[in-house]
Amino acid sequence: MSRFEIVTLVLAPPDLLFDTSLSVETHTSSMAGSSERAVAGVTTGLLTLGDQVTWQARHFGLTWRMTSTITAWERPTYFVDEQLKGPFRHWRHEHHFEPAPDADATLMTDVIDFSAPAGPLGRLVDRLVLRRHMTHLINTRNRHIRTTLEH
């Protein structure tokens, strides 16, 4: 299993950043490079506890679908999305929002635990490609959120 953490400072209050992070539209616009879109479940608006959404995107030249659900939700400090069905053997993404020392800023921390399917081959793909790709996607999403809220 792989695990990585990304901390992003955003010049916005935690409640606004929390809601923006749960917006289907914000997510899809942040992932425009992979043509990601919501195709089933909650496909517009803000996600909340128990909501499910199926995402479709293009990565590595292939179209993938992943159905995830919000399994924990404590506004405005924390939520978790987990894969129900999709390309990973395991996917769990924790989102934490903590006021920064500057009262007008928030530290957004993403903690991602995942594992690729296919046993030893999946672990090799994870080490060679997948972890770097997933880190890039989360950083892209976070830059988009930061740009959206800071302008």
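Index from 1, following the sequence. All values reported here derive from a predicted model rather than from experimental measurement.
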Given side-chain hydrogen bond (donor to acceptor under 3.5 Å, both in side chains), test T63 with R58 step by step and report yes or no. CA-CA 4 Å; T63 299; R58 199 150 172 82; 3.0 Å; yes
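- Scored by the salt bridge (charged side-chain N to carboxylate O under 4.0 Å, His left out) test, R143 finds no partners at all (sequence neighbours excluded).
- Residues A12 and L149 come closest through the heavy atom pair CB-CD1, 4.0 Å.
- We find the OG1-CD distance between T135 and E5 to be 11.5 Å, quoted to the nearest 0.5 Å.
- Taking each heavy atom of T43 and A40 in turn, the nearest pair found is CG2-N, 3.7 Å.
- Counting only N and O atoms by type, the side chains of H96 and T77 include no donor and acceptor under 3.5 Å apart.
- Here the rule is side-chain contact (heavy atoms from CB on, under 4.5 Å) with M108, and of V7, I6, V10 only V10 fits it.
- With hydrophobic clusters built from ILVMFWY side chains whose heavy atoms lie under 4.5 angstrom apart, M134 does not share a cluster with M1.
- By the salt bridge (charged side-chain N to carboxylate O under 4.0 Å, His left out) test, E94 is found to be paired with R92, residues two or more places apart in sequence or in another chain being considered.
- Every residue was checked against the salt bridge (charged side-chain N to carboxylate O under 4.0 Å, His left out) condition with R132, not counting sequence neighbours, and none meets it.
- For the residue pair S30 and T140, the shortest heavy atom distance occurs at O-CG2, 3.6 Å.
- Residues K85 and T54 fail the side-chain proximity criterion, which asks for heavy atoms closer than 4.5 Å.
- Nearest heavy-atom pair, W64 versus P87, reported as atom, atom and distance to 0.1 Å: CE3-CB, 3.4 Å.
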For residues 31-39, dump all side-chain donor-acceptor pairs below 3.5 Å to protein atoms at least two apart in sequence or in another chain.
residue	atom	partner	partner atom	Å
S34	OG	M31	O	3.1
E36	OE2	H27	NE2	2.8

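- In this structure, S68 and W55 approach most closely via the heavy-atom pair OG-NE1, 3.6 Å.
- For the pair H133 (side chain) and V129 (backbone), a donor-acceptor distance under 3.5 Å is absent.
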Take D19 and S23, measure what side chain to side chain contact (heavy atoms under 4.5 Å, CB included) needs, and give me the verdict at the end. CA-CA 6 Å; D19 290 347; S23 163; over 6 Å; no
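- Interatomic distance, CD1 of I112 versus CZ of R3, reported as 9.5 Å (0.5 Å rounding).
- F18 has its ring centre no less than 6.0 Å from the ring centre of H95.
- Annotation: salt bridge (charged side-chain N to carboxylate O under 4.0 Å, His left out) contacts of E25 (sequence neighbours excluded): none.
- In this structure, W91 and F114 have tilted ring planes: the angle between them lies in the 30° to 60° band.
- Here the closest heavy-atom approach between residue P14 and residue P99 is recorded as CG-CG, 3.9 Å.
- Here the side chains of F97 and D15 are not in contact, with every heavy-atom distance at 4.5 Å or above.
- Residues passing the side-chain hydrogen bond (donor to acceptor under 3.5 Å, both in side chains) test with S2, sequence neighbours excluded: D126.
- How far OG1 of T109 is from CG of L9: 10.5 Å, rounded to the nearest 0.5 Å.
- For the atom pair NE2 (H90) and OG (S115), the distance works out to 6.0 Å, reported to the nearest 0.5 Å.
- Atom NE2 of H151 is separated from atom CZ of R146 by 10.0 Å, given to the nearest 0.5 angstrom.
- There is a side-chain donor-acceptor pair under 3.5 Å between D110 and H93.
- The shortest side-chain heavy-atom distance between D104 and P13 does not fall under the 4.5 Å cut-off.
- The neighbour count for R75 CZ, taken as heavy atoms of other residues, nucleotides or ligands under 6.0 Å away, is above 12.
- At least one donor-acceptor pair under 3.5 Å links the side chain of Q83 to the backbone N or O of F88.
- One hydrophobic cluster, built from ILVMFWY side chains closer than 4.5 Å, holds both F79 and V42.
- The main-chain N or O of T48 is found under 3.5 Å from a side-chain atom of D51 such that the two form a donor-acceptor pair.
- Under the 4.5 Å side-chain contact rule for hydrophobic residues, L46 and V24 do not share a cluster.
- Contact of the E98 side chain with the T106 side chain is not registered, since no non-hydrogen atoms from C-beta on lie closer than 4.5 Å.
- With hydrophobic clusters built from ILVMFWY side chains whose heavy atoms lie under 4.5 angstrom apart, L107 does not share a cluster with F4.
- Atoms CD1 and CG, from I70 and L22 in turn, are 5.5 Å apart once rounded to the nearest 0.5 Å.
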Test log, rule side-chain hydrogen bond (donor to acceptor under 3.5 Å, both in side chains), inputs T26 and H144: CA-CA 8 Å; T26 298; H144 178 80; 5.6 Å; no
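- Criterion: ILVMFWY side-chain heavy atoms under 4.5 Å apart, direct or through other members. Under it, I145 and L137 are not part of a common hydrophobic cluster.
- A donor-acceptor contact shorter than 3.5 Å is absent between the side chain of Q52 and the backbone of T69.
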